[in-house]
Asker: 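I have a structure I would like to understand better, so I am pasting it below and will then ask my questions one at a time.
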Protein chains: 2
Amino acid sequence: MGRWQPGAQGRLQHAAMELIAERGYDRVTVAEIAERAGLTERTFFRHFTDKREVLFAGQEQFHAVILEALAATPVEMDALAAVVAGIAATGRWLDDERRPSSRARQAVIDAHPDLQERELIKLTRVSTAIAEVLRRRGVPDGEAALAADAGIAAFRLAFTAWVADPGEHDLPWHLDAAVEALRRVVA
Amino acid sequence: MGRWQPGAQGRLQHAAMELIAERGYDRVTVAEIAERAGLTERTFFRHFTDKREVLFAGQEQFHAVILEALAATPVEMDALAAVVAGIAATGRWLDDERRPSSRARQAVIDAHPDLQERELIKLTRVSTAIAEVLRRRGVPDGEAALAADAGIAAFRLAFTAWVADPGEHDLPWHLDAAVEALRRVVA
DNA sequence: TCGCTGATGTCAGCGACTGACATGCACGCT
DNA sequence: AGCGTGCATGTCAGTCGCTGACATCAGCGA
């Protein structure tokens with residue numbers, strides 16, 4: 001066994017969620033999170049650039065899943081359809097088992113402007129990356145950005161509905177519904 | 001004459017822009033901004049809730065212009081068309097005279113993730129408010145959110161293009177172009 | 001003249017975040 | 001076995017954003 005307990009990062013995330021559930025995000029200090037995880041404040045900041053970031057770890061995988069699924073899509077496919085197909089791939093990640101924890105996490109985020117800001121910039125970065133892939137496929141600049149943003153807007157709506165949904169439909173279903181609504185609105 | 005020089009808030013904004021232009025956003029402390037404005041750090045935080053906020057003052061008016069124009073729109077009008085009409089009203093605000101300062105400001109924001117986060121949440125709040133107006137007009141929940149988000153996406157694209165544009169077209173023109181591109185993408 | 005208001009100053013303190021340097025197990029190399 | 005090196009962590013000191021509590025003092029109305 002190592003000099004240190006393994007899984008420091010995971011312990012920090014776990015400790016953070018616990019403490020936040022007990023007291024709320026802004027009544028928890030980084031030092032306390034680190035202490036509960038058996039570590040130091042300084043070490044916390046070696047694993048997460050930010051206090052907020054402890055709630056967003058794992059988003060890169062999420063990001064990657066979308067981009068892979070998008071890349072796997074046939075090139076002739078309609079830009080928006082391709083984006084939606086990419087986003088739909090998150091359904092494998094955000095399955096029914098994860099719904100309760102997603103709900104809890106989202107409740108924390110919704111209650112804290114700081115965290116909302118972070119969430120928005122993450123989504124924007126995904127959108128930017130999606131647009132870049134589309135451009136490399138020959139989609140014109142503006143259309144690429146709009147297709148990506150439209151896809152993200154649909155995702156946001158679908159995710160909200162999915163989190164609120166007691167279990168009737170899965171995320172891809174809500175995403176389809178959102179895209180239909182989008183077509184209705186823009187048409 | 002009063003006990004204090006008038007226009008404290010304006011002086012703080014001015015001092016902030018100067019110092020940021022000289023050194024960059026994160027090499028400027030709030031205390032320095034306040035000092036250049038002939039005030040105290042504490043007073044800075046009485047005028048702006050945040051260090052970032054000094055770059056976003058006046059956004060509420062912006063916000064209000066959009067909502068007023070949206071409200072002034074005929075009720076039978078298509079949801080997205082109404083949103084776009086509301087947003088187009090910012091063209092009166094963001095005229096050719098303001099283009100250089102908008103450009104400078106945007107360059108600062110684009111260089112600092114912190115500021116991007118703030119900008120995104122402001123846009124999201126506008127989007128939320130727009131959606132709420134649409135709902136009160138009878139637009140279904142999801143469609144309202146999507147129409148608002150689509151409008152904001154078009155605005156973002158149009159604004160970027162307008163800022164980069166040396167002076168050929170105004171903001172409403174770019175907005176029209178963006179909406180056309182959006183219809184192309186979603187249709 | 002007096003007391004109130006409101007913008008500012010002063011002070012002390014917390015908490016997020018950082019740079020520099022120290023520590024000591026584990027693992028590979030000889 | 002002995003040795004050196006890497007790497008995750010600890011320690012310490014410091015900066016900066018931000019806040020609460022309290023003081024100050026021109027101007028204004030009663």
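Atoms considered below: every heavy atom in the structure, side chains included; atoms not considered: hydrogens, waters and symmetry mates. Reminder, nothing fancy here: chain letters follow the sequence lines and each chain counts from 1.
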Asker: What is the separation between atom CD on A:Glu35 and atom P on C:dA16, rounded to the nearest whole Å?
Answerer: 14 Å
Asker: Name all pairs fulfilling the ring pair (Phe, Tyr, Trp, His ring centres under 6.0 Å) condition that reach into residues 108-128 of chain A, sequence neighbours left out, sorted by first residue then second.
Answerer: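 Ring pair (Phe, Tyr, Trp, His ring centres under 6.0 Å) check on residues 108-128 of chain A returns A:Tyr25-A:His112.
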Asker: Mind checking if A:Thr40 touches a base, just sugar-phosphate, or nothing, with heavy atoms under 4.0 Å?
Answerer: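 Base: the residue A:Thr40, judged by heavy atoms under 4.0 Å, touches a nucleobase.
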Asker: Could you give all pairs that pass the salt bridge (charged side-chain N to carboxylate O under 4.0 Å, His left out) test and reach residues 124-134 of chain A, with sequence neighbours left out?
Answerer: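 Non-adjacent pairs meeting salt bridge (charged side-chain N to carboxylate O under 4.0 Å, His left out): A:Glu132-A:Arg135, A:Glu132-A:Arg136.
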Asker: Return each pair, listed once, that meets ring pair (Phe, Tyr, Trp, His ring centres under 6.0 Å) where at least one residue sits in residues 76-98 of chain B; pairs must be two or more places apart or across chains.
Answerer: none
Asker: Would you say the side chain of B:Asp165 lies within less than 4.5 Å of the side chain of B:Arg99, judging by non-hydrogen atoms?
Answerer: yes
Asker: Rounded to whole Å, please give me the gap between CD in A:Glu53 and P in C:dA16.
Answerer: 15 Å
Asker: Note down the inter-axis angle between the two ends of the helix from C:dT1-D:dA30 to C:dT30-D:dA1, five pairs each, to the nearest 10°.
Answerer: 10°
Asker: Tell me, which pairs form a salt bridge (charged side-chain N to carboxylate O under 4.0 Å, His left out) where one or both residues lie in residues 61-83 of chain B, sequence neighbours left out?
Answerer: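 Passing the test, one end in residues 61-83 of chain B: no pairs.
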Asker: Using 30° and 60° as the class boundaries, would you call the ring planes of B:His169 and B:Trp173 parallel, tilted or perpendicular?
Answerer: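 Ring orientation, 0 to 90° scale: parallel.
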Asker: Can you measure A:Glu32 atom CD to C:dG15 atom P for me and round it to whole angstrom units?
Answerer: 8 Å
Asker: Which residues within residues 13-29 of chain A lie with some heavy atom under 4.0 Å of an atom in DNA chain C?
Answerer: A:Val28, A:Thr29
Asker: Among all residues two or more places apart in sequence or in another chain, which pass the salt bridge (charged side-chain N to carboxylate O under 4.0 Å, His left out) test with B:Glu117?
Answerer: A:Arg52, A:Arg118
Asker: For nucleotides 17-24 of chain C, just jot down a letter per nucleotide in 5' to 3' order: B, S or -, based on protein non-hydrogen atoms under 4.0 Å.
Answerer: BBBB--BB
Asker: List for me each residue that meets salt bridge (charged side-chain N to carboxylate O under 4.0 Å, His left out) alongside B:Lys51, sequence neighbours excluded, and say none if there are none.
Answerer: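 B:Lys51 satisfies salt bridge (charged side-chain N to carboxylate O under 4.0 Å, His left out) with no other residue.
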Asker: Does A:His47 have a side-chain nitrogen or oxygen under 4.0 Å from the phosphate oxygens OP1 or OP2 of D:dT9?
Answerer: yes
Asker: Which salt bridge (charged side-chain N to carboxylate O under 4.0 Å, His left out) pairs, counting each pair once, include a residue from residues 5-18 of chain B, with sequence neighbours left out?
Answerer: B:Glu18-B:Arg36
Asker: A:Gln5 CD to D:dT9 P: how many Å, rounded?
Answerer: 11 Å
Asker: Please give, in whole Å, the distance from D:dG17 P to B:Glu117 CD?
Answerer: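 The answer, rounded to whole Å, is 16 Å.
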Asker: Could I get the full list of ring-ring contact (aromatic ring centres under 6.0 Å, His included) partners for A:Phe48, not counting sequence neighbours?
Answerer: A:Phe44
Asker: Listed by chain and number, what are the salt bridge (charged side-chain N to carboxylate O under 4.0 Å, His left out) partners of A:Glu60, not counting sequence neighbours?
Answerer: none
